[in-house]
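Scroll down for the structure; my scribbles are underneath it.
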Amino acid sequence: MNLPNLKEAKKRTNAKVLYKETPTIKNHSFQNKKYFLRTYGCQMNEHDSEQIEAILVNLGMSPCDELTDADVIVLNTCAIRENAHDKVFGYLGRIKHLKKERPEVLVAIGGCMSQEENVVNELIKRHPYVNIVFGTHNIHELANYLQNALENKQEVEVFSEEGCVYEHVSYKRASNITAWVNIIYGCDKFCTYCIVPYTRGKERSRKLEEVVQEVLSLKEQGYQEVTLLGQNVNAYGHDLEEGYEFSDLLEAVAKTNIPRIRFVTSHPWNFTDKMIEVIAQYENIMPYIHLPLQSGSDRILKLMGRRYTKEEYLALYKKMKERIPNVAITTDIIVGFPGETEEDFLDTLEVVDACQFDGAYTFIFSPREGTPAAKMVDSTPLEEKEERLHRLNEKINSYSKMHNERLVGKVVPVLLLGPSEKDKDFLYGYTDTMKLVNVKAPTSDIGKIIDVLITDAKSFSLDGQKKESITM
Ligand code: 5AD
Ligand code: SF4
């Protein structure tokens, strides 16, 4: 048993990052079994789940949609806010029930929650029917853990400190049109509210050549779009001997000529002019930046440990808008950080008005055990925080709608991804600026970038018509 330890996870040693080959799976006995995988959280977790699925499929298993049909259940969990925890523990209730009827079903809990001491202690004490707990640093060992669990051993293996980057990982990708590509793992920023630097470890960049190779191979397979992934993509390269930075990587990926390149997430702190130039220069780098603001109050930004002021954020925002034609910018905002006053909140609203974001993810502060902000005095009642969130969302939604309405009557490029959920006659896709569009087009257009005339705008989506089929 190897338990997580947040103090260990906080350490940033100078230990050299090891670049390793992903171990291959040896003969295990899961042929023709069914697995049920549920993923919580961000794109990083979604992409990790593609690795988990590849491992399960390589063992001879196939996916099932119903929990009750599964021989193996894997939950890939998120730790970012308390409600993510609640969802997982709620779901475990159903699994406990199932295990009473079918004790032979194997249950594995992975992801960010497994990196937390309190969670793992609770799993061991209150959920002994869970067979395997594995962390974010040892996904590649899942096949071995499953084998051991078959032999009735409970496996709890979580590493708190990790300096490895595994290459040539197999993924069962969810799409054959768009793909995620990791460029940097971990985070060293330690914003005071955030659990990620503890659950994901220190910043480790992949080698530029490996990233380019992966993108080239995806392009050869017909992929139209890659999204470069990192908790903070700007930090890319600082740990590499070659001295690359994110702009070098972006440029190298742009030169592969894959049709569309995106990247998430960017920190406003070290977003260089060179990055802005490269984004502006290459047509296949999409004009879309997710730039978390978190708060518009200098006092709160300082308490959050964000390393920029309101003025610096606004100056960067302005530069992006001026230099990158047609750029769309979205953001993340937290309300109700400990000690946030009405005045601080009004500063946030002021920045939202100044920026008129294309969209935003908004959250109420959630204390995460082990982070500095969880110990700060927080006297604002929840109702007041909810009221702030409501006011913020009203503003955010009105700006989203405004941006969408501006597109009505315009022709925009849309990458079509599949049948629309709302209407089978429509396909859905995304504009270069990452706006969701429902388009009347034949299914043979799935996987293509087509010109679409925008006919209608809602707060969160657009309707459009394929340009060739437009009759004037
Ligand atoms: N409480 C609320 N929101 C949080 N986020 C990160 N940590 C917390 C927390 N403790 C938000 C931030 C981040 C996004 C992914 O989640 O806005 O950018
Ligand atoms: Fe992703 Fe953060 Fe959730 Fe981990 S805690 S899954 S990194 S959102």
Side-chain angles (χ1 to χ4, degrees), residues 6 9-10 39-48 77-88 111-113 115-116 118-119 136 180 184-200 227 229-235 263-271 289-297 300-301 303-308 310 313 316-317 329-340 344-345 348 351-352 355 357-378 380 382 384-386 388-390 392-393 396:
L6 288 187
K10 191 174 180 201
T39 309
Y40 301 81
C42 65
Q43 292 101 325
M44 196 66 76
N45 253 22
E46 292 283 346
H47 190 34
D48 282 350
T77 64
C78 170
I80 198 90
R81 282 169 293 276
E82 193 58 39
N83 60 356
H85 271 217
D86 296 345
K87 278 190 213 156
V88 170
C112 286
M113 273 171 69
Q115 294 292 140
E116 296 181 291
N118 53 346
V119 169
T136 57
W180 286 304
I184 179 167
Y185 301 96
C187 180
D188 290 349
K189 290 291 169 292
F190 287 102
C191 300
T192 56
Y193 52 82
C194 191
I195 194 75
V196 170
Y198 306 82
T199 61
R200 292 276 169 179
T227 302
L229 279 184
Q231 307 298 348
N232 170 19
V233 292
N234 311 2
F263 52 91
V264 277
T265 294
S266 306
H267 193 297
W269 177 62
N270 49 354
F271 206 107
I289 300 171
H290 185 63
L291 192 72
L293 165 68
Q294 311 301 5
S295 168
S297 150
I300 297 297
L301 284 170
L303 286 173
M304 287 177 162
R306 288 291 289 176
R307 307 170 189 218
Y308 55 84
K310 167 185 172 182
Y313 184 95
L316 174 65
Y317 190 92
I329 302 179
T330 57
T331 199
D332 289 343
I333 296 172
I334 298 175
V335 302
F337 187 82
E340 184 192 72
D344 293 315
F345 176 65
T348 299
V351 178
V352 171
C355 294
F357 294 106
D358 283 76
Y361 297 101
T362 57
F363 314 99
I364 290 180
F365 168 75
S366 170
R368 312 311 302 126
E369 200 176 308
T371 62
K375 296 191 204 87
M376 294 179 190
V377 179
D378 185 5
T380 314
L382 182 62
E384 207 168 318
K385 295 187 180 192
E386 283 170 345
R388 282 182 199 161
L389 184 70
H390 181 73
L392 174 64
N393 285 342
I396 294 289

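Hydrogens, waters and symmetry mates are skipped; everything else that's a heavy atom, side chains included, is used. Both ligands and their constituent atoms are indexed starting at 1 by order of listing.
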Nearest 0.5 Å, what's the [atom1]-[atom2] distance between [X] and [Y]?
X: Tyr198; Y: Thr136; atom1: OH; atom2: OG1; value: 14.5 Å
X: Asp358; Y: Thr331; atom1: CG; atom2: OG1; value: 11.0 Å
X: Thr371; Y: Leu6; atom1: OG1; atom2: CG; value: 9.5 Å

Checking the side chain of Arg200 only, and the main-chain atoms of Cys187 only, is there a donor and an acceptor separated by less than 3.5 Å? no
Show me which atoms of ligand 1 lie under 4.0 Å from any heavy atom of [X].
X: Arg81; answer: 1 (N), 2 (C), 3 (N), 4 (C), 5 (N), 11 (C), 16 (O)
X: Ser366; answer: 1 (N), 2 (C), 9 (C), 10 (N)
X: Gln294; answer: 12 (C), 13 (C), 17 (O), 18 (O)
X: Ile334; answer: 3 (N), 4 (C), 5 (N), 12 (C), 17 (O)

Measure from atom 7 (N) of ligand 1 to every heavy atom in Phe365, Tyr193, Tyr361 and give the option owning the shortest one. Tyr193
Just heavy atoms, cut-off under 4.0 Å: does Phe363 contact ligand 1 by side chain, backbone, both, or neither? side chain
Is the shortest side-chain heavy-atom distance between Phe365 and Glu340 below 4.5 Å? no
Would you say that Ile364 contacts Arg388 through its side chain, given a criterion of any heavy-atom pair below 4.5 Å between the two side chains? no
Within the structure, is a non-hydrogen atom of Ile364 found at a distance of less than 4.0 Å from ligand 1? yes
Is there a nitrogen or oxygen of Arg368 sitting under 3.5 Å from a nitrogen or oxygen of ligand 1? no
